[in-house]
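Index from 1, following the sequence.
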Amino acid sequence: MRIDTRQELEAKRAEYAASLKTQKKQILICAGTGCVAGGSLKIYARLQEILKERGLKCSLRLEKEPHDESVGLKKSGCHGFCEMGPLLRIEPAGILYIKVKVEDCEEIIEESIINDRVIDRLVYHDQAGTSYEKQEEIPFYKQQTRVALEECGHINAESIDEYIAVGGYSAVAKALFDMTPQQIVDEVTEASLRGRGGGGFPTGRKWAQVLAQDSKVKYVVCNGDEGDPGAFMDRSMMEGDPHRVIEGMVIAGIATGARYGYIYVRAEYPLAVERLQTAIDKAEEKGLLGKNILSSGFDFELKISQGAGAFVCGEGSALTASIEGNRGMPRVKPPRTVEKGLFEKPTVLNNVETYCNVPPIINKGAAWYKTIGPENNHGTKAFALTGNVMNTGLIEVPMGTTLREVVFNIGGGVKGGEFKAIQIGGPSGGCLCINPTEDHLDLHLDFDSLKKVGAMIGSGGLVVMNDKSCMVEVARFFMNFTQNESCGKCIPCREGTKRMLELLTDICEGRGTMEHITLLEELAETISETALCGLGKTAASPVVSTLKYFRDEYISHVVDKKCPSGQCKALVSLQIDPELCKGCSKCSRLCPVGAISGEIKKPFTIDTTKCIKCGACKEGCPFHAVKEV
């Protein structure tokens with residue numbers, strides 16, 4: 001049913017909110033990609049079967065005539081605690097069950113839905129054995145502040161009615177009827193909202209530039225490409241709260257006079273594409289998208305453009321070229337995207353998280369938004385916390401939160417060793433926190449603080465590394481990624497990254513010299529100064545930061561021919577400790593190249609000229625006599 005006026009929207013909001021309240025219980029199954037991979041949709045189907053078998057009214061969507069005793073069964077967006085998935089939340093109690101299995105469904109219905117009892121074995125327990133029944137009390141969640149992810153995991157990700165019930169599209173109505181385009185731009189500017197997709201360019205300034213353009217046709221584009229390894233923030237928002245993304249884009253259209261929009265999503269995100277398309281269709285049916293929104297006279301048409309997964313298409317001009325049907329390659333600037341972007345027309349281009357911050361700013365005001373985070377870095381930032389950390393997942397914290405708080409409080413500490421470093425900002429970022437000192441662990445996560453130490457927030461990937469990580473190999477890994485993803489248009493990026501990768505490979509494989517380090521530094525400087533696009537200019541950042549903070553590891557590789565972390569197999573030698581060897585000959589029998597010899601009941605030896613360093617002898621020795629040196 002189409003909603004034609006603001007008054008009808010508010011009436012529908014009241015109706016949908018009342019329907020939510022009449023549901024006796026709500027079961028929210030995490031249906032983000034991670035939990036879906038873990039079997040959450042099977043859990044959803046089984047719960048539906050059990051509710052039917054028990055004769056309980058099951059509401060899969062908001063109903064016009066709700067039943068007081070109904071149980072709402074919903075596919076929600078990502079709950080964030082990915083390490084503990086599949087996740088299941090029960091409302092209104094706020095109970096969170098972790099690592100749920102299909103075989104747990106019967107007990108969940110019996111105990112938690114029918115008898116109002118908490119199943120202790122399914123709730124989160126910390127290392128001390130303390131149990132946490134309510135989601136918000138779990139340390140992982142307790143220290144977060146959710147703005148962009150406010151409703152992700154708390155409402156049905158596929159329901160526009162539930163989105164409206166919790167306040168959805170009220171910001172669009174306010175922007176249409178209570179504010180002028182300039183007032184919207186001023187509010188976003190005053191809030192100091194900075195782009196969450198990379199370098200943190202002021203969003204209000206960008207919108208003001210597009211508003212000032214004298215063009216009948218303008219575009220709003222959402223960058224949902226998200227190509228950084230280990231990053232999944234934007235994907236989770238598109239999957240879990242697609243209407244929030246759409247609402248932010250519509251407001252951008254109202255503010256700048258743009259009546260056409262595109263969401264650029266990589267095809268490897270099929271669930272995000274499906275949920276976004278469903279949301280677009282439903283919003284058009286309701287009259288909240290398309291022609292004459294809320295009878296205001298404002299039109300906004302929105303389409304999805306699927307990318308092929310090229311990392312370079314995260315760059316603005318390459319992204320717009322891809323939408324146009326051309327090969328995704330960056331172009332020389334100026335002109336900037338705000339002047340000549342998509343189809344040579346003025347274009348607002350922001351990423352998913354940036355648009356998700358817009359509705360609450362319009363509804364609550366810039367003054368409210370500025371109460372979060374430090375000066376010039378207001379608001380929150382979503383991060384994908386991965387790597388050698390106890391609690392991996394999707395988090396959102398105020399700008400200015402320290403690394404110590406993220407890694408040790410929210411993340412639960414380092415897994416498998418001592419803290420060594422953290423990679424931030426993907427291939428364009430740097431490796432930080434070289435030692436667990438006050439200076440490094442108390443670094444604030446915001447645009448300006450990170451820039452001072454040679455790093456960037458980027459899209460928000462945080463990869464924690466323990467002391468068993470080789471930083472030279474980490475640099476080589478990211479350089480390999482960047483080199484493979486180079487579009488090849490400019491020589492500095494195409495040839496420079498290839499040469500840097502060759503140098504790093506030489507170092508990791510024992511062929512490196514001090515000259516290799518000198519050449520790496522010279523190439524890094526040249527590429528940064530001469531590459532065509534932002535991605536090329538930051539391609540050398542992981543190398544630059546590891547050379548700055550881990551230079552001793554590079555020197556150990558090239559001078560001593562040793563990898564301190566033991567990760568570079570070409571620089572590792574295997575030896576048998578004669579004190580531990582019992583002469584059982586098992587290592588000799590396991591060696592595939594006959595590099596081990598000796599006499600029974602006497603210590604065996606390894607011929608290093610024959611050894612291929614496969615590690616079979618080390619894994620098979622019952623006395624742990626084989627050592628890496």
Side-chain angles (χ1 to χ4, degrees), residues 1-13 15-16 61-62 77 151 155-179 181 184 207 210 217-224 234 237-265 272-306 323 342 345 347-352 354-363:
M1 177 180 173
R2 184 180 174 88
I3 299 173
D4 287 316
T5 66
R6 186 181 192 179
Q7 291 71 28
E8 287 183 16
L9 175 63
E10 293 308 316
K12 284 295 180 184
R13 191 184 322 284
E15 177 187 320
Y16 297 150
R61 61 189 64 84
L62 292 185
E151 301 299 343
I155 61 174
N156 186 340
E158 300 175 340
S159 172
I160 188 173
D161 294 349
E162 287 202 24
Y163 182 71
I164 291 173
V166 297
Y169 292 104
S170 59
V172 164
K174 183 177 180 180
L176 282 171
F177 300 109
D178 297 341
M179 305 173 77
I184 299 171
W207 289 18
V210 176
V217 178
K218 300 177 184 179
Y219 291 95
V220 173
V221 176
C222 177
N223 181 355
D234 288 351
M237 293 176 197
M238 290 185 288
E239 292 175 354
D241 202 359
H243 287 284
R244 175 70 76 92
V245 183
I246 294 170
E247 185 170 13
M249 293 184 70
V250 174
I251 293 169
I254 299 167
T256 60
R259 294 174 180 261
Y260 305 95
Y262 283 87
I263 305 177
Y264 187 82
V265 190
V273 172
E274 178 187 335
R275 296 246 173 98
L276 281 169
Q277 190 59 60
T278 298
I280 290 171
D281 293 342
K282 295 297 182 183
E284 288 176 345
E285 287 178 15
K286 295 282 188 185
L288 298 169
L289 199 59
K291 300 292 184 181
N292 197 20
I293 297 173
L294 295 177
S295 301
S296 65
F298 178 74
D299 305 337
F300 191 79
E301 298 177 19
L302 186 58
K303 296 180 180 179
I304 297 172
S305 178
Q306 295 188 50
I323 294 175
L342 186 62
K345 300 298 182 181
T347 302
V348 169
L349 174 58
N350 290 116
N351 85 320
V352 172
T354 309
Y355 287 120
C356 284
N357 275 275
V358 171
I361 289 174
I362 297 302
N363 275 329

### Query
Which residues pass the side-chain hydrogen bond (donor to acceptor under 3.5 Å, both in side chains) test with Asn156, sequence neighbours left out?
none
### Query
According to the side chain to side chain donor-acceptor pair (under 3.5 Å) rule, which pairs have a member within residues 164-179, sequence neighbours left out?
Arg6-Asp178, Tyr169-His243, Ser170-Asn363
### Message
Using the salt bridge (Lys or Arg N to Asp or Glu O under 4.0 Å) criterion, which residues pair with Glu301? Sequence neighbours excluded.
### Response
Lys291
### Query
Does Glu158 have any salt bridge (Lys or Arg N to Asp or Glu O under 4.0 Å) partners at least two apart in sequence or in another chain, and if so, which?
Arg275
### Task
Of all the heavy-atom pairs spanning Pro359 and Ile251, show the shortest one and how long it is.
CA-CD1, 4.2 Å
### Query
Can you name the closest pair of heavy atoms from Thr347 and Val221 and give their distance?
CG2-CG2, 3.6 Å
### Task
Kindly indicate whether the side chain of Val348, heavy atoms from C-beta on, has any atom under 4.5 Å from the side chain of Tyr355.
yes
### Query
For the side chain of Lys218 and the backbone of Thr256, is there at least one donor-acceptor N/O pair under 3.5 Å apart?
yes
### Task
Using the test side chain to side chain contact (heavy atoms under 4.5 Å, CB included), find all partners of Gln277 that sit at least two apart in sequence or belong to another chain.
Ile280, Asp281, Ile304
### Summary
Output for pair (Cys222 SG, Leu276 CG), nearest 0.5 Å, gives 8.0 Å
### Message
Could you report the tightest heavy-atom contact between Asp299 and Arg259, atom names first, then the distance?
### Response
N-NH1, 3.1 Å
### Message
To the nearest 0.5 Å, what is the distance between CZ on Phe177 and OG1 on Thr5?
### Response
8.0 Å
### Task
State the CD-CG distance between Glu284 and Leu302, to the nearest 0.5 angstrom.
8.0 Å
### Task
Could you tell me whether the side chain of Phe300 reaches within less than 4.5 Å of the side chain of Phe298, counting heavy atoms only?
yes
### Message
Show the nearest heavy-atom pair for residues Asn223 and Asp234, with the distance to one decimal.
### Response
O-OD2, 3.9 Å
## Note on the structure
All heavy atoms of Ala171 vs all of Ile362, minimum pair found to be O-CG2, 3.7 Å
### Query
With Lys286, which residues qualify under side chain to side chain contact (heavy atoms under 4.5 Å, CB included), at least two apart?
Ile3, Tyr16, Ile160, Asp161, Leu288
### Task
Output the distance between atom CD1 (Ile254) and atom CE (Met249), rounded to the nearest 0.5 Å.
12.5 Å
### Task
Under the side-chain hydrogen bond (donor to acceptor under 3.5 Å, both in side chains) rule, collect the residues that match up with Glu10, sequence neighbours excluded.
Arg13
#### Entry: Contacts of Asp4 that satisfy side-chain hydrogen bond (donor to acceptor under 3.5 Å, both in side chains) - sequence neighbours left out
Arg2
### Task
Can you sort out the partners of Tyr219 under ring pair (Phe, Tyr, Trp, His ring centres under 6.0 Å), two or more places apart, ordered by chain and number?
Tyr260, Phe343
### Gly297 versus Asn292, closest heavy-atom pair with distance
N-OD1, 2.7 Å
### Query
Under the side-chain hydrogen bond (donor to acceptor under 3.5 Å, both in side chains) test, which residues partner Thr354, sequence neighbours left out?
Asn351
### Query
For residues 241-251, which residue pairs qualify under salt bridge (Lys or Arg N to Asp or Glu O under 4.0 Å), counting only residues two or more places apart or in two chains?
Glu150-Arg244
